[in-house]
Amino acid sequence: MTKYYTREHEWIAPANNESTWRVGITDYAQDQLGDVVTVELPDVGSEHGAGDACSVVESVKSASDIYAPVAGKIVAINERLDAEPELVNQSPEEDGWLFEIQTDGSPDLTGFIDDQQYSALIAE
C-alpha cells in the first residue's frame, strides 16, 4: 500500500477504492507523543476541508489535533481505539489507523511527501 505523508506527521493511504483514504499518524509522531491514553475520532458522516482539525490524540504528555489531510466525508472510524488507544503506539501505520475519508474523485496530493522524503524530514 502506497502511503503519502504530511509534514505534520500524518499519513494517508488508499483504502478500499480510489476515492476512500485511510488516515493515521506516523511512528515518529506516536513516539513523540508518548503513551496514548485517549483518541477522539470524528463523527462518521461529518465533512471536513483539507487542513481542518477533526480528531485529537491525547497522550500522557500532551494532546494533539489531527487534521484532515484532504477534503471529504468521514466514512469509517477505527472503533477499536475506544477500548484500545494503545494501538496508536503499537501499530500506528497499520492497526492504529484513525479514520477513513471519502473524497470527490482523486484528491490533490500536491504537498504530500513519499517514504524517502519523510525519512529525510524526521532525520533533520
Side-chain angles (χ1 to χ4, degrees):
M1 170 180 3
T2 301
K3 284 192 176 114
Y4 303 91
Y5 298 88
T6 69
R7 296 184 185 285
E8 291 76 33
H9 310 289
E10 296 170 7
W11 59 264
I12 183 172
N16 56 2
N17 64 54
E18 63 189 42
S19 65
T20 302
W21 296 81
R22 187 166 278 184
V23 178
I25 65 171
T26 65
D27 185 53
Y28 176 83
Q30 72 77 25
D31 187 55
Q32 296 299 301
L33 281 170
D35 293 336
V36 173
V37 294
T38 312
V39 180
E40 293 178 28
L41 297 169
D43 293 328
V44 171
S46 62
E47 296 195 20
H48 300 274
D52 289 354
C54 64
S55 184
V56 177
V57 175
E58 188 174 333
S59 72
V60 294
K61 291 182 183 179
S62 67
S64 293
D65 286 334
I66 305 301
Y67 302 94
V70 294
K73 180 166 110 177
I74 304 299
V75 294
I77 57 171
N78 188 348
E79 294 179 3
R80 289 181 63 191
L81 297 179
D82 286 339
E84 302 173 83
E86 66 274 8
L87 284 175
V88 174
N89 293 117
Q90 296 166 354
S91 182
E93 297 192 33
E94 297 298 330
D95 295 334
W97 62 275
L98 302 176
F99 57 88
E100 291 182 355
I101 190 166
Q102 187 172 43
T103 61
D104 291 330
S106 297
D108 179 8
L109 298 176
T110 305
F112 289 83
I113 56 179
D114 64 21
D115 288 338
Q116 289 180 327
Q117 292 167 316
Y118 185 72
S119 293
L121 173 72
I122 61 175
E124 292 176 356

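The structure presented is a predicted model; accordingly, all values stated were derived computationally and were not measured.
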- Side chain proximity check, Val70 to Tyr4, heavy atoms < 4.5 angstrom: no
- Message: With heavy-atom distances below 4.5 Å as the criterion, would you say the side chains of Gln117 and Tyr5 are in contact?
- Response: no
- Kindly indicate, with the supporting measurements, whether the criterion side chain to side chain contact (heavy atoms under 4.5 Å, CB included) is fulfilled by Val39 and Leu87. CA-CA 10 Å; Val39 180; Leu87 284 175; over 6 Å; no
Shortest non-hydrogen separation from [X] to [Y] and the atoms involved:
X     : Y     : value
Val56 : Ala63 : CG1-CB, 4.1 Å
Gln32 : Lys61 : O-NZ, 3.4 Å
Trp11 : Thr26 : CD1-N, 3.9 Å
Cys54 : Pro42 : O-CB, 3.3 Å
Gly34 : Asn89 : O-ND2, 2.9 Å
Pro85 : Val37 : CG-O, 3.4 Å

Cluster check [X], [Y]: I/L/V/M/F/W/Y, side chain < 4.5 angstrom:
X     : Y      : answer
Val23 : Tyr118 : no
Ile25 : Ile122 : no
Val44 : Trp97  : no
Val88 : Ile77  : yes

- Hey, is the main chain of Asp27 close enough, under 3.5 Å, to the side chain of Glu93 for a donor-acceptor pair? yes
- Query: Between Thr20 (side chain) and Gln102 (backbone), is there a donor-acceptor pair under 3.5 Å?
  - Reply: no
- Message: Quick one, Phe99 with Ile66, criterion side chain to side chain contact (heavy atoms under 4.5 Å, CB included). Give me CA distance, side-chain angles, the key distance, then yes/no.
- Response: CA-CA 11 Å; Phe99 57 88; Ile66 305 301; 4.3 Å; yes
Atom [atom1] of [X] and atom [atom2] of [Y]: how far apart are they, to the nearest 0.5 Å?
X      : Y      : atom1 : atom2 : value
Ile74  : Glu47  : CD1   : CD    : 9.5 Å
Glu40  : Leu81  : CD    : CG    : 12.5 Å
Lys73  : Thr103 : NZ    : OG1   : 12.5 Å
Ser59  : Asp31  : OG    : CG    : 11.0 Å
Asp115 : Lys3   : CG    : NZ    : 8.0 Å
Ser91  : Gln30  : OG    : CD    : 10.0 Å

- Task: Would you please test Ser62 and Leu33 for side chain to side chain contact (heavy atoms under 4.5 Å, CB included) and show each step?
- Result: CA-CA 7 Å; Ser62 67; Leu33 281 170; 3.8 Å; yes
- Message: In terms of relative ring orientation, are Tyr28 and His9 parallel, tilted or perpendicular, with 30° and 60° separating the classes?
- Response: tilted
- Pair Asp95-Asn78, side chain to side chain contact (heavy atoms under 4.5 Å, CB included): steps then yes or no: CA-CA 9 Å; Asp95 295 334; Asn78 188 348; 5.8 Å; no
- Message: Within the supplied structure, the quantity of interest is the number of heavy atoms (other residues, nucleotides, ligands) at a distance under 6.0 Å from Asn16 CG; does it exceed 12?
- Response: yes
